[in-house]
Amino acid sequence: MRIVIADDAVLLREGLVRLLTESGHQVVAAVGDGDALVEAVVQHRPDVSIVDVRMPPSHTDEGLRAAVEARRLVPRTPILVLSQYVEVSYADDLLATTGGAGGGIGYLLKDRVAAIDEFLDALRRVAGGGTVLDPEVVGQLFARRRRDDPLSELTPREREVLALMAEGRSNTAIARALVVSDGAVEKHVRNIFTKLTLPPDTEQHRRVLAVLTYLRN
């Protein structure tokens with residue numbers, strides 16, 4: 001894959017360059033601020049970009065805003081955001097850039113980079129148009145559920161399936177995690193789409209809409 005890296009921490013940035021290069025990928029740009037990220041994405045049209053949320057000058061959400069701008073200028077360009085802490089609103093803002101038209105979005109804690117195989121797998125899924133969310137982000141979403149949210153009609157098992165969907169897992173991966181058949185997962189997914197009254201469309205479109213509903217309530 002052709003990859004852009006945006007992180008102002010030199011050690012992490014260079015560590016990612018080495019890791020990805022040794023894994024057979026090509027890092028076409030490694031930059032340290034949001035403006036440079038947007039410029040690199042427009043110039044190189046990478047297969048995926050890895051972006052730190054907090055970058056100069058204020059070290060708040062410059063990286064996130066640059067990622068959103070990059071997806072505006074290069075629609076659906078895959079972005080994997082790394083963050084030191086869980087910020088559910090950041091994941092929500094990123095997913096809003098899909099517009100229901102596909103994924104190519106990931107949000108992971110920086111600690112996940114240490115689990116190299118899992119990190120590289122997440123990167124591949126994002127590059128392939130998938131949506132990947134850190135399990136801790138998904139876990140915190142349960143804590144902010146409202147009683148009147150549209151997910152109230154879902155059974156506990158359907159909520160489990162939707163949570164795993166939000167992590168970017170395929171039906172087969174969900175079946176493996178829950179130790180059930182692929183057919184059982186497909187039935188749960190159909191029920192989720194029906195209960196959330198999602199319009200009939202492509203499966204990928206409805207999966208994204210389901211995850212957006214999950215995040216916003």
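Here the closest heavy-atom approach between residue E167 and residue R125 is recorded as O-NH1, 3.5 Å. Closest of all the heavy-atom pairs between K195 and E153 is NZ-O, 3.3 Å. The two residues R207 and R169 come nearest to each other via the heavy atoms NH2-O, 3.0 Å. The minimum heavy-atom distance linking A40 with P46 is given by the pair O-CD, 4.5 Å. Shortest non-hydrogen contact noted between V161 and I174 is O-CD1, 3.9 Å. Closest of all the heavy-atom pairs between M165 and A210 is CE-CB, 4.2 Å.
Between E69 and R65, no side-chain nitrogen of the basic residue sits less than 4.0 Å from a carboxylate oxygen of the acidic one, so the salt-bridge criterion is not met.
Between S23 atom OG and R18 atom CZ the span is 11.5 Å, to the nearest 0.5 Å. Here the CG-CD distance, from D47 to Q26, works out to 9.0 Å after rounding to the nearest 0.5 Å. How far CG of L196 is from CG of L162: 7.0 Å, rounded to the nearest 0.5 Å. Distance check, rounded to the nearest 0.5 Å: CZ of R76 to CD1 of I105 gives 11.0 Å. For the atom pair CG (L164) and CZ (R159), the distance works out to 14.0 Å, reported to the nearest 0.5 Å. Between the CG atom of D182 and the NZ atom of K187 there is a distance of 15.0 Å, given to the nearest 0.5 Å.
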Practice task
Show your reasoning for whether side chain to side chain contact (heavy atoms under 4.5 Å, CB included) applies to V81 and L108.
Solution key: CA-CA 6 Å; V81 166; L108 293 179; over 6 Å; no
Exercise for the section: Decide side chain to side chain contact (heavy atoms under 4.5 Å, CB included) for H188 and R157; before the verdict, give the C-alpha distance in whole Å, the side-chain angles of both, and the deciding distance to 0.1 Å. Expected result: CA-CA 8 Å; H188 289 314; R157 177 61 91 183; 3.3 Å; yes
Exercise for the section: Go through V48 and I79 one step at a time and tell me if the side chain to side chain contact (heavy atoms under 4.5 Å, CB included) criterion holds. Expected result: CA-CA 6 Å; V48 62; I79 300 281; over 6 Å; no
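Side-chain contact between I50 and L20 is present, with heavy atoms from C-beta onward closer than 4.5 Å. Taking the side chain as every heavy atom from C-beta outward, L82 and L109 never approach each other to under 4.5 Å. In this structure, the side chains of Y107 and V132 stay at 4.5 Å or more apart for every pair of heavy atoms. Looking at R124 and L120, their side chains come closer than 4.5 Å, going by heavy atoms from C-beta outward. Taking 4.5 Å as the limit, every side-chain heavy atom of E62 sits out of range of all side-chain heavy atoms of D52. Between R45 and T77 the shortest side-chain heavy-atom distance does not fall below 4.5 Å. Using a 4.5 Å heavy-atom cutoff, the side chains of I116 and L19 are in contact. You'll find the side chain of L37 reaches within 4.5 Å of the side chain of V4, heavy atoms only.
Looking only at distances, a side-chain donor or acceptor of D33 sits under 3.5 Å from a matching main-chain atom of A36. Of the possible donor and acceptor atoms, one in the side chain of R2 sits under 3.5 Å from a partner among the backbone N and O of H44.
For the salt bridge (charged side-chain N to carboxylate O under 4.0 Å, His left out) with D7, the qualifying choice from R54, K110, R13 is K110, the only one to do so. Exactly one of L11, I3, V113 qualifies for a side-chain contact (heavy atoms from CB on, under 4.5 Å) with L16. That residue is V113.
No side-chain donor-acceptor contact under 3.5 Å links R176 and N171.
Residue E158 places its CD atom among more than 12 non-hydrogen atoms of other residues, nucleotides or ligands, all under 6.0 Å distant. Heavy atoms from other residues, nucleotides or ligands lying under 6.0 Å from CD of E118 number 12 at most. For D121, the CG atom counts as densely surrounded, since its 6.0 Å shell holds more than 12 non-hydrogen atoms of other residues, nucleotides or ligands.
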